[in-house]
Amino acid sequence: MISFKGRHFPKDILLTCIRWYLAYKLSYRDIEEMMAERGTQVDHSTIQRWVDQYAPQLEAEFTKKCSKLVFSKTILNKTYRKIYKSIFR
């Protein structure tokens with residue numbers, strides 16, 4: 001689990017800014033402007049530091065969770081095929 005302890009902004013704001021930067025072709029200044037429209041004043045250099053610090057950690061978390069999902073799904077598919085073949089042969 002990633003710790004956001006000691007940050008001046010709530011976790012949801014950090015994750016929203018990081019997600020917008022990674023998911024869409026937005027600059028840090030675009031995200032700064034979008035957050036200002038939503039009532040949160042955050043500097044573009046702060047968003048850059050968040051992305052630099054948390055993006056690799058988030059990628060590692062997602063990769064770890066997705067690899068577990070694919071692994072269990074593969075085992076389930078192989079088991080299903082074995083049972084299916086044994087029943088219908």
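All residue numbers refer to positions in the sequence shown, counting from 1.
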Looking at side-chain heavy atoms only, is the closest gap between Arg19 and Leu58 below 4.5 Å?
-> no
Residue pairs, two or more places apart or on separate chains, that pass side chain to side chain donor-acceptor pair (under 3.5 Å) and touch residues 2-18 | Arg7-Gln53, Arg7-Tyr54
Ring pair (Phe, Tyr, Trp, His ring centres under 6.0 Å): pairs with one or both residues in residues 18-37, sequence neighbours excluded | Tyr21-Tyr28
Correct closest heavy-atom pair for Val42 and Glu32 would be O-CG, 3.0 Å
For Thr46, what residues pass the side-chain hydrogen bond (donor to acceptor under 3.5 Å, both in side chains) criterion, not counting sequence neighbours?
-> Arg49
Going from NE2 on His44 to SG on Cys17, what distance comes out if it is rounded to the nearest 0.5 angstrom?
-> 13.0 Å
What's the verdict on side-chain contact (heavy atoms from CB on, under 4.5 Å) for Leu26 and Met34, showing C-alpha distance, side-chain angles and the deciding distance?
-> CA-CA 10 Å; Leu26 297 173; Met34 291 169 67; 3.8 Å; yes
For Val51 against Pro56, the heavy-atom pair lying closest together = O-CD, 3.9 Å
Atom pair CD1 (Ile13) and CD1 (Ile18), whose distance is rounded to the nearest 0.5 Å = 12.0 Å
Considering residues at least two apart in sequence or located in another chain, which fulfil the side-chain hydrogen bond (donor to acceptor under 3.5 Å, both in side chains) criterion with Glu59?
-> none
Can you list the residues that meet the side-chain contact (heavy atoms from CB on, under 4.5 Å) rule with Ala36, with sequence neighbours excluded?
-> Gln41
Ile47 CD1 to Phe9 CZ distance, which is reported to the nearest 0.5 Å | 8.5 Å
